[in-house]
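Proteins get letters first, then strands, A, B, ... in listed order; numbering begins at 1 in each.
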2 protein chains.
Amino acid sequence: MTQTPEAEKIIKTLKNVAIFKGCDDKALERLAANAHLQKHTKGHILFIHGDEAARLYLVQSGWVKLFRETLDGTQAVVDILTSGHLFGETSIFEDDIYPYSAEVVEPSEIISIPLTNLKTEIETNNKLALNMLSAMARYRRQQDREIEHLSIQNASQRIGCFLLRLVNQSEDGAVTIHLPYDKTLVASRLGMQPETFSRALAKLRDATGLNVKGATIELENLNQLVSYSCAACSSEFPCKDLQAAE
Amino acid sequence: MTQTPEAEKIIKTLKNVAIFKGCDDKALERLAANAHLQKHTKGHILFIHGDEAARLYLVQSGWVKLFRETLDGTQAVVDILTSGHLFGETSIFEDDIYPYSAEVVEPSEIISIPLTNLKTEIETNNKLALNMLSAMARYRRQQDREIEHLSIQNASQRIGCFLLRLVNQSEDGAVTIHLPYDKTLVASRLGMQPETFSRALAKLRDATGLNVKGATIELENLNQLVSYSCAACSSEFPCKDLQAAE
DNA sequence: CGAGGGTTTGAAGTGCATCAAATAGTGTGG
DNA sequence: CCACACTATTTGATGCACTTCAAACCCTCG
């Protein structure tokens, strides 16, 4: 089969995404049929909650925010995704509408694939179905923890937990963390107001001795942060899964 | 194949569970091998967060609470399940431990099935895998809404939303709702303290004119409750899925 | 009838939201 | 390179929502 360079690039990316691991080349080609790779600037809306779901999306680079809005305009951030993360794929079941809106929040490269490709493939490709199940189970555990955090952690602890998930777990000793996007956005991701985020981060600094310079955060040692945040969590520190791709 | 009466009863139940719909009898028999149906009294612990996961559970009748506990003893309720709901099944992927604890909170009949049965079956039975994917996708949407509610609804609105989900959606006009379990438990399910629940319910009564007598709640018409609670939600009223079995 | 758990009520405190305003930071065009 | 405009972030002041601790009340069941 002859392929365009774009198609080749897409297939190469798919190979590294968890749910497509172990799929053979033919299957990937079928999945990637009519797929597109597009660059988007900050602020671009990929789709709106309630839109008819036609494609699934894969973040190649950059960041994408998933959110919903209530009638009175309040916004709830569902998740913020980066390289390797997939979204919009759950709409192949029952509903054919997107359950949230998606907005590009940093310059991004986004791959999109027709949902029908996935739907067709999954119906005959048990391996793919199992991969997807495994990914969904992982995501579900994340959501459970998310709910737990919202109900029992305070603002500073949630920030601490968020920072810990940005740290490469193999790192030890002094650590430098770089916030991947706006503080305002981090705040909304954690379900709090920007003002609260600012104050809670200051409180966290006083409590754990971390050092904040703009979007860069330095930490002499992880343990203090771990004991501060993870005390109010049912999981133990190296909390696996939490940052894993879908 | 000769079957015990218990096995027959179990298979009959499985047939009515969403994820087993469309499975043929042979498959159900394989799944039900070494399954048990047991009665449990209030307070019985089925398993603890972190236990090695060996079986999946299905509520035949009664209510089961899924929860986690932090080091300092605080408890977060993950979900409270009833007839037709399945739990513990996600442990067939990656982890082989239960991601939460499970406690019987009302006298219940619980079916349990070895996880290996499901694991084996799912690997060859694409229909089952697809059903399970569909169920997981539905559950995921519920979780998304749960997170949204925790971050943007207040206590009274969350109670209102909870009540609306107990109402048979086809009903209209005057409605009587019966709380299925302790108010204290409802409170924890909604992520609030019992005292807060009590006060928030009183506030909801004043705001929407519902009538509370112990565990029975009467409501002249749904609309007032809908407009009170659903204003702070991104979904529109007859919020499907939310009470659906996994 | 009394014990015990569930539920409500009261009083006080904490945490987060909100509104307002100051400050820092960034990118633009001159 | 500067001044300006605009946005992100911080800080202050205040109010409301929920929690916490305490105690009363109610209901059920032995």
Under 4.0 Å between a side-chain nitrogen and a carboxylate oxygen: does that hold for B:R140 and A:E89? yes
Please determine, for the side chain of A:Q193, which listed nucleotide (C:dT7, D:dA8, C:dT18) has the closest atom? C:dT18
Protein-nucleotide distance (B:I152, atom CD1; D:dA17, atom P), rounded to Å: 16 Å
Could you tell me how far apart B:K42 (NZ) and C:dG5 (P) are, to the nearest whole angstrom? 11 Å
Using whole Å, report how far CD of B:E106 lies from P of C:dG6. 10 Å
Among C:dT8, D:dT9, C:dC16, which nucleotide has an atom closest to any side-chain atom of A:A155? C:dC16
Calculate the interatomic distance between B:F197 atom CZ and D:dT19 atom P; express it in whole Å. 13 Å
Between C:dT9, D:dT9, C:dA17, which nucleotide has the shortest distance from any of its atoms to the side chain of A:M192? C:dA17
Let me spell it out: for each of B:K203 and B:E195, pick the nucleotide of DNA chain D with the closest heavy atom. Which residue's pick is nearer the 5' end? B:K203
How many Å lie between CG on B:L201 and P on D:dC18, as a whole number? 13 Å
Centroid-to-centroid, A:F47 to A:Y57, below 6.0 Å? yes
Could you tell me the separation between the CG atom of B:N154 and the P atom of C:dC16, rounded to a whole number of Å? 17 Å
Does a donor on one side chain sit under 3.5 Å from an acceptor on the other, for B:T70 and B:D72? yes
N/O donor-acceptor pair, side chain A:R199 with base C:dT14, under 3.5 angstrom: no
Determine whether A:E148 and A:S234 satisfy the following criterion, side chain to side chain donor-acceptor pair (under 3.5 Å), listing intermediate values before the conclusion. CA-CA 8 Å; A:E148 176 186 319; A:S234 69; 2.7 Å; yes
Can you tell me the distance, in whole Å, between the NZ atom of B:K213 and the P atom of C:dT8? 15 Å
Value in whole Å for how far the C1' atom of C:dG6 lies from OH of B:Y181: 16 Å
Are OP1 or OP2 of D:dT7 and a side-chain N or O of A:T184 less than 4.0 angstrom apart? no
Can you identify which nucleotide, out of D:dA8, D:dA17, D:dT11, has its nearest atom closest to the A:S198 side chain? D:dT11
Kindly indicate whether a cation-pi arrangement holds for A:R189 with A:F162, taking the cut-offs as under 6.0 Å to the six-membered ring centre and within 45° of the axis. no
When you measure from the side-chain N and O atoms of A:T196 to the phosphate of C:dC16, is any distance below 4.0 Å, counting only OP1 and OP2? no
